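Have a look at the structure below, then the notes.
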Protein chains: 2
Amino acid sequence: MQVKCTISNNLHIASDIFEILIVSCSRCSKCRKNCTCPKTKRQTGCPIAFALDTVGDKWSLIIIRDILMRGKETYGEFLAAEEGIATNILANRLKHLQDEGLISKTRDPKNQRRYLYQLTQKGFDLAPLVLEMVRWSAAYDPETTARPDIVERVNTDREGFLEDLRKSRMADED
Amino acid sequence: MQVKCTISNNLHIASDIFEILIVSCSRCSKCRKNCTCPKTKRQTGCPIAFALDTVGDKWSLIIIRDILMRGKETYGEFLAAEEGIATNILANRLKHLQDEGLISKTRDPKNQRRYLYQLTQKGFDLAPLVLEMVRWSAAYDPETTARPDIVERVNTDREGFLEDLRKSRMADED
DNA sequence: CATTTCACTTGCATAACACAAGTGAATGAA
DNA sequence: TTCATTCACTTGTGTTATGCAAGTGAAATG
């Protein structure tokens with residue numbers, strides 16, 4: 001089975017075992033230029049697969065963590081993350097998160113060469129997922145640096161903590 | 001900075017920007033043979049990074065979903081997942097999940113050539129994370145096939161639903 | 001007006017994943 | 001008791017995603 005890339009018009013082979021979605025980007029170098037990654041979606045309708053296809057790569061949730069939990073909002077701040085994301089991957093992932101509607105990108109009114117990346121409602125709604133990660137890792141990682149007071153708050157007053165996060169981090173969308 | 005692989009004794013270059021953990025497996029083909037993936041861990045202590053390094057690849061949570069939500073427990077059943085996991089990746093991921101202590105592997109008493117893969121407590125404790133994925137995807141994926149009654153139950157009686165899951169899916173560990 | 005900052009892009013290398021084919025032990029039917 | 005089939009994998013090879021270093025152009029700063 002062959003699928004035509006909507007940008008290059010090149011034909012690509014697609015497996016018929018599981019469907020491959022070509023979203024104006026694909027496998028050839030010509031397409032890759034405009035690619036916003038990931039190139040393939042499983043499209044089974046399964047909610048777990050959907051979430052994994054949207055933010056299940058190695059970096060998307062790290063970026064969302066930086067916005068949500070650490071108040072970061074610029075390219076340079078994300079790049080400085082201790083995990084060491086590569087600059088090309090960061091650019092690609094920011095584009096992807098924008099395409100998925102999880103973050104917004106606006107010029108910083110105070111500095112015209114700087115952009116501000118902020119969570120949309122859809123992006124912020126991943127917060128409960130992030131908090132469950134914190135809870136699980138705090139329980140099972142002996143080397144965890146998760147702050148005990150935060151973990152305690154997550155365990156005892158999740159809704160309140162979420163509300164505090166919402167107030168401080170969510171972009172004004174209107 | 002160089003790190004010695006504990007299997008091959010080969011030296012590998014490790015970035016000093018972010019630490020790379022070599023766990024009896026690494027970058028050379030000699031090591032790869034014994035590799036259980038992933039080869040690199042970020043080791044920053046961050047709970048989000050820890051969870052991503054443990055189950056943040058493309059397939060681990062799909063397997064856990066199959067055990068947790070669909071009652072699967074054999075290699076063949078996982079292989080038949082509609083998402084179409086490749087057999088080598090499945091074998092690799094099962095080994096990895098075992099190494100991480102998320103699943104157990106036992107011979108099927110009824111069929112000596114069959115193995116049963118079941119969740120440990122640590123693996124089952126990812127259920128809240130999985131349920132948050134269901135909730136988020138059900139809200140944002142227009143094509144979702146998530147059952148409305150399940151989503152409703154997750155939203156209104158999460159603890160009860162988790163308890164039901166626990167009863168039906170968790171391996172007897174003692 | 002030269003220098004620095006900032007948000008990227010480009011080219012090339014490596015790691016993760018995909019696909020097809022094959023293997024050996026356990027089982028079941030002839 | 002042989003032989004085909006099932007089952008859980010392994011192996012080889014190609015493709016996709018990620019990593020790394022270097023470079024670019026526009027906006028700010030001295």
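Keep in mind the model is a prediction, meaning the values are calculated, not measured. Chain A is the first sequence line, chain B the second, and so forth, proteins listed ahead of strands; every chain is numbered from 1.
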Any idea which of dC17(C), dC20(D), dA21(D) is nearest the Arg93(B) side chain? dC17(C)
How long is the line joining CG of Leu90(A) and P of dA17(D), in whole Å? 18 Å
Side chains of Tyr75(A) and Thr87(A) only: does a donor on one sit below 3.5 Å from an acceptor on the other? yes
Interatomic distance where CG belongs to Leu116(A) and C1' belongs to dC6(C) [whole Å]: 13 Å
Indicate, yes or no, whether a donor-acceptor pair under 3.5 Å links the base of dC17(C) to the side chain of Asn88(B). no
Short of 4.0 Å, heavy atom to strand atom, which residues of residues 107-115 of chain B count as contacting DNA chain C? Asn111(B), Gln112(B), Arg113(B)
Side chain of Lys58(B) - closest among dA7(C), dC17(C), dG19(D): dC17(C)
Between Leu94(B) (CG) and dC17(C) (P), how many Å, whole number? 14 Å
Less than 4.0 Å between a side-chain N and a carboxylate O, is that true for Asp53(B) and Arg42(B)? yes
So that I can tick it off, tell me whether Asp108(B) and Lys110(B) are bridged by a salt bridge, with the cut-off set at under 4.0 angstrom between side-chain N and carboxylate O. no
Whole Å only: how far is the CG atom of Asp53(A) from the P atom of dT16(D)? 16 Å
Please determine, by modelled atom types, if Tyr117(A) and Thr106(A) share a side-chain donor-acceptor pair under 3.5 angstrom. no
To the nearest angstrom, the CD1-P distance between Ile89(A) and dA15(C) comes to 14 Å
Rounded to whole Å, CD1 of Ile63(A) lies from P of dT18(D) at a distance of 11 Å
Report the distance from atom CD of Glu73(B) to atom C1' of dC7(D), rounded to the nearest whole Å. 15 Å
Any side-chain heavy atom of Leu102(A) sitting closer than 4.5 Å to one from Thr54(A)? yes
OP1 or OP2 of dA16(C) versus the side-chain N and O atoms of Trp59(B): is any pair under 4.0 Å? no
From CD of Glu83(B) over to P of dC19(C), roughly how many Å is that when rounded to an integer? 13 Å
Can we say Glu132(A) and Arg158(A) salt-bridge, meaning some charged N sits less than 4.0 Å from an Asp/Glu carboxylate O? yes
Taking everything shown except Arg107(B) itself, do over 12 heavy atoms lie less than 6.0 Å from its CZ? yes
